[in-house]
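In this text the structure is predicted, and so the values were computed from the model without any measurement. In what follows, every chain begins at residue 1, and chains take the letters A, B, ... in the order their sequences are listed.
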Amino acid sequence: MSESELSKTYHPSGVEKRLYQYWEGRGFFAPVMEKGGSSYCIMIPPPNVTGSLHMGHAFQDTIMDALIRYHRMRGDRTLWQTGTDHAGIATQMVVERQLEAEGKSRHDLGREAFERRVWQWKESSGGTIVQQLRRMGASCDWDRERFTMDRELSHAVTEVFVRLYDEGLIYRGKRLVNWDPVLRTAVSDLEVLSEKEEGQLWHVRYPLADGSGYLVVATTRPETLLGDTAVAVHPEDDRHISLIGAKVILPLTGREIPVIGDAYVDPEFGSGCVKITPAHDFNDYAVGERHGLPVINIFSPDASINENAPEVYRGLDRFAARKKVIEDLEALGLLDKVEPHELMVPRGDRTRAIIEPLLTDQWFVKAGPLAEKAMQAVTEGRIRFVPAHWEKTYFEWMRNIQDWCISRQIWWGHRIPAWYGPDGRIFVCNCEETVYELAAEHYGAPVALERDSDVLDTWFSSALWPFSTLGWPDATLELETFYPTNVLVTGFDIIFFWVARMIMMGIEFTGEVPFRDVYITGLIRDAEGNKMSKSKGNILDPLDLIDGIELEALVAKRTRDMMQPHLAQRIEKATRKEFPQGIPAYGADALRFTMASLATQGRDIKFDLGRIEGYRNFCNKLWNASRFVLMNTQGETNGPHPGEEFMSVADRWILAKLKRVKVDVTRALDEYRFNDYAHHIYQFLWGVFCDWYLEMVKPVLYGEDVAVGSKVAARATMLGVLEESLRLLHPLMPFITEELWLRVAPLAGRSGESIMLAAWPVEDPLAAHEELVEKEMDWVISLVTTVRTLRAELDLPPGKPLRMMVMGGDEAVGRLERQGRIISVLARIESWSRVGEAPGDDHAVGVLEDLRLFIPLSGLLDVEAEVLRLRKGLEKLEKELGTVEKKLTNPSFIERAKPEVVEKERAKEAELKEKQFGLKEALRRLEKMGKAS
RNA sequence: GGGCGGAUAGCUCAGUUGGGAGAGCAUCGGCCUUACAAGCCGGAGGUCACAGGUUCAAACCCUGUUCCGCCUACCA
């Protein structure tokens, strides 16, 4: 490849798709099963098949891919198991909406045809998110992609259901459950979101049956009055205690219901009397059980009033019924008063419909025994949360765990493997043929069975994901190799939905935890800290950050398909203001690097476009540094290495720094400190390699009097360091590192088809002589910086060569002598000389440790300004010296602090004093001079 | 009500076992220096929310307070 192929700036669009196709086509993502040694596996949290990639995915996928690529490079048998989730309710809703557009309902099709239709939809439109994952550079093993409705996974689901049923851990029962009247299905309590809303509190008079007056009860849901079966008061409430046992007439129905005493009532609230509706409130249900109250269900599955209510209300929707009940009460003079009242309203997370507690037959998983073992796994350290504090959340929920309602009254999902005999007897079996045999055996003759029409909660199959995808219940090689998996990367919002349930199921069915570590990520928010949501119009699409998007397209995208069209205008305005130029294409690597650099443990993330721009620039920096290296090595002799004696101190120094960054980066990855990983490699490549080393190497490369061996050594070092750095960066920036590595590696004497298959750099500790080299060059850098600062402060043109005089100890002067060439180039020192005493005319003074620098200004020195500058420096220094001396004069510090700390302070004091002396000396002379003139 | 988290530079945030307050962005000054203006060089900027305590030493440990988030349960 010729250097002309590297453009002056990095253009990710020309690189990413090509390289991804290369990797995928060559099968680089699949684990090498024959290989021995350790294995490494991550299960992707299967995204909804209906979904598209959002920032949360981009974040988590970056982290997973970085870990996967890192371990693959370390030589582990590495599997990133991918796939999607059938998302029962969401998917059914999507397809029903399509049918609706054709003027049909799912009932017109019938169950089987509807299921076929969903499969069709899945084949044609379900692949969006997995294609988007590829754009992120995700190195999942696509040949092993799974879908929770696949035959093998469905088999695992049935198997688990049957075993749990046989163990008595699954049961069917009539219970009050959360009912979504729009979907007409039960949902679990986790799928209900309660939010504060403005409502009203109606105070209703309930006449006493003996005609002696009335009680007032307050309610936020007057329509449920029709199902009341008691009025409760607190048993120690003096105002009402005499009424316990009395009867009241339930308005509008004429039913007589008792007044009961129950400590559930808060005497302080309202009138101290509560209406009890066991069929439509979870608390009331409990009260009803305690007092043996009848349960009157007044709602149909669509939440309209049923035949248990007086005829005038029947068929009314619950909101219409409320209106009529209020009107009727008012007409009867039974409405005492109405107050505004803030209350928590439960809504379905999919439909936003108000959830209704409803008494129905459902299937439940008995959670207690499973939770017990799942908690143990964490207390015993077999599972570790990162950051650790999330285990508190986990325990909190596990301790209060409720039985899990797993049946859903929808069509899309795993059908419950239960059949009912003619007498209602339940047969649960993993095989449809066998179940008829079982029934025949039971009844003594073949009978017709009816299969339960419900399907299972999607999370039921997700809970099995870590082992069902590996072939369970068969004892497969994959299961043996990769289970338990190493780490689960996910958001805290599904710790309950998914993480806890995977742990319960994993332990129950494999005897092993499903994963060792759980890395919990924060939530990605917008720049203002708001949650990203369609209705707020503040969503950023990861693909738009990669590819860029024009303003008009962005506006159109954000305002399309709005649930509340009136918000569109505001969103458009905000979008135009925030992105007046649209969004530029930053590339996948910049996005990934940004995600990692923001991934600090245990905090939400405000996504800042400034960051991604900065990391796009970093890509460009790396690109150009590589361009520089290639320009200076292509067609040149870069090896064999001529031997250590030809290596410059700069060469040795950069190798020492590389050793350090290898250790830092590896540790950061091992500890899930992705921000540290990003920071260290960024700092090394930009702040050390580019800013210093490449500048130091230029005089060697370009110098005419430099030995050939030195030039070869410099080129070899430059190539070697770049090549290893690319490998260190690869897990985070797969594309640009591959593109560069394929050109750099051969020059560095490495071969290989891909950087993703290259070995992770070996870490080894710094030797003593390397630390000395490091120290010397660090000192050189300080010196160069001191001169540059002097220049800037004295307004000396950056390009103007300077003469310099120095006064100081032998070590400093020795360093100066050894590194004179580098210093003269980097600091633009034309010549320097050592002097025994400070020069007598006007010189600017700089101090570095015990070394004093004098820059002659040939009559240009502004004495007053110089005095001011030095005083300022002195002031700052003496402040620092003060705190150090305070410590050292404190006897208890000397006595009680660790010796190395005391030593450090002493050294610091000495260093500061040297510098103080230098500055004072300079000031004294200047002030004398000032007076003289 | 219960639980969890947060408050550090103008902004967004790091800060590992207690031991010299950091980064990026923004800002100011100077540079088109032969890899890179998506760049280079330099500077300024902090009462680590507040009040106590422990310690030779506290951004960090303990107690309390204020404010801000999130989760969870709710008073009908």
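- Here A:R788 lies in heavy-atom contact (under 4.0 Å) with sugar-phosphate atoms only.
- Side chain of A:N624, nearest nucleotide from B:rA14, B:rG20, B:rA35: B:rA35.
- Among the atoms of the strands shown, none is found under 4.0 Å from any heavy atom of A:D284.
- Put simply, A:K606 has a side-chain N or O that comes within less than 4.0 Å of OP1 or OP2 on B:rC13.
- Contact annotation for A:K621: base contact, defined as any heavy-atom pair under 4.0 Å involving a base atom.
- Taking a cutoff of 4.0 Å between a charged side-chain nitrogen and a carboxylate oxygen, A:E528 and A:K606 do not qualify as a salt bridge.
- Nucleic acid contact for A:D281: none, since no nucleic acid atom lies under 4.0 Å from a heavy atom of the residue.
- To the nearest whole angstrom, the two P atoms, one in B:rG39 and one in B:rU33, are 16 Å apart.
- A salt bridge links A:E223 and A:R221; the closest N-O separation between the charged side-chain nitrogens and carboxylate oxygens is under 4.0 Å.
- Across all strands shown, B:rG10 is found opposite B:rC25 as a Watson-Crick or G-U wobble partner, with both distances under 3.5 Å.
- Using a 4.0 Å heavy-atom criterion, one finds that A:V265 contacts the bases of the nucleic acid, with or without backbone contacts as well.
- For the pair A:F385 CZ and B:rC4 P, the computed distance is 16 Å after rounding to whole Å.
- Across B:rC41 and B:rC32, the matching C1' atoms stand 14 Å from one another, rounded to whole Å.
- Taking the P atom of each, B:rG18 and B:rC62 are spaced 11 Å apart, rounded to whole Å.
- No more than 12 heavy atoms of other residues, nucleotides or ligands shown are found within 6.0 angstrom of CD on A:Q581.
- The base of B:rA35 is paired with the side chain of A:E695 by a donor and an acceptor separated by under 3.5 Å.
- Applying the 4.0 Å criterion to OP1 and OP2 of B:rA35, one finds that A:R627 has every side-chain N and O outside that range.
- Side-chain proximity of A:K887 to B:rC75, B:rG5, B:rG20: nearest is B:rG20.
- If you check every strand for non-hydrogen atoms under 4.0 Å, A:Y615 touches nothing.
- Contact annotation for A:D266: base contact, defined as any heavy-atom pair under 4.0 Å involving a base atom.
- A donor atom on one side chain and an acceptor atom on the other are not found under 3.5 Å apart for A:N675 and A:S597.
- Distance from the side chain of A:P798 is smallest to B:rG30 among B:rA35, B:rG30, B:rG5.
- If you take atom C1' in B:rA58 and the same atom in B:rA49, they sit 16 Å apart, rounded to whole Å.
- At B:rC75, one or more side-chain N or O atoms of A:N283 fall inside 4.0 Å of OP1 or OP2 (strictly under the cut-off).
- Using a 4.0 Å heavy-atom distance criterion, A:T219 is classed as a sugar-phosphate-only contact.
- Taking a 6.0 Å sphere around CD of A:Q200, one finds it holds more than 12 heavy atoms contributed by other residues, nucleotides or ligands.
- In this structure, A:S626 reaches neither bases nor backbone, as no heavy-atom distance under 4.0 Å exists between it and the strands shown.
- Candidate nucleotides B:rC40, B:rG19, B:rC70 were compared by shortest atom distance to the side chain of A:A897, and B:rG19 ranks first.
- In this structure, A:R318 pairs ionically with A:E356, as a charged nitrogen and a carboxylate oxygen lie closer than 4.0 Å.
- Using a 4.0 Å cut-off, no side-chain N or O of A:N400 falls inside it from OP1 or OP2 of B:rA73.
- The separation of B:rG69 from B:rC13, taken at their P atoms, amounts to 14 Å, rounded to a whole angstrom.
- Taking atom C1' in both B:rA21 and B:rU47, one finds a spacing of 13 Å when rounded to whole Å.
- Of the candidates B:rA76, B:rU33, B:rG5, B:rU33 carries the atom nearest the A:R828 side chain, counting heavy atoms from C-beta on.
- Here A:K879 lies out of heavy-atom contact (under 4.0 Å) with every strand.
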- request: Applying salt bridge (Lys or Arg N to Asp or Glu O under 4.0 Å), run through A:K879 and A:E875 and close with a yes or a no.
  value: CA-CA 6 Å; A:K879 207 171 139 193; A:E875 204 176 305; over 6 Å; no

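- A:E895 and A:S892 share no side-chain donor-acceptor pair at under 3.5 Å.
- With both pairing distances under 3.5 Å, B:rC4 is matched to B:rG69 as a Watson-Crick or G-U wobble pair.
- Checking B:rG20, B:rG5, B:rA44 against the side-chain heavy atoms of A:K872 singles out B:rA44 as nearest.
- A donor-acceptor contact closer than 3.5 angstrom links the side chains of A:H291 and A:D262.
- The residue A:W686 sits close only to the backbone: its heavy atoms come under 4.0 Å of sugar-phosphate atoms, none of a base.
- The residue A:K8 sits close only to the backbone: its heavy atoms come under 4.0 Å of sugar-phosphate atoms, none of a base.
- Which of B:rG42, B:rA38, B:rU33 sits closest to the side chain of A:A792 comes down to B:rG42.
- Across all strands, A:C690 comes closer than 4.0 Å to base atoms (heavy-atom distances).
- As judged by a 4.0 angstrom heavy-atom cut-off over every strand, A:E903 is placed among residues making no nucleic acid contact.
- Candidate nucleotides B:rG43, B:rA76, B:rC36 were compared by shortest atom distance to the side chain of A:F269, and B:rA76 ranks first.
- A donor and an acceptor atom never sit less than 3.5 Å apart when one is taken from the side chain of A:K392 and the other from the base of B:rC4.
- The side chain of A:H341 contributes an N or O atom lying less than 4.0 Å from OP1 or OP2 of B:rA76.
- If you check B:rG19, B:rA76, B:rA35 against the side chain of A:L694, the one that comes closest is B:rA35.
- Comparing B:rC75, B:rA35, B:rA38 by their closest approach to the side chain of A:M631 singles out B:rA35.
- Between A:T789 and B:rG43, a side-chain N or O to OP1/OP2 separation shorter than 4.0 Å is present.
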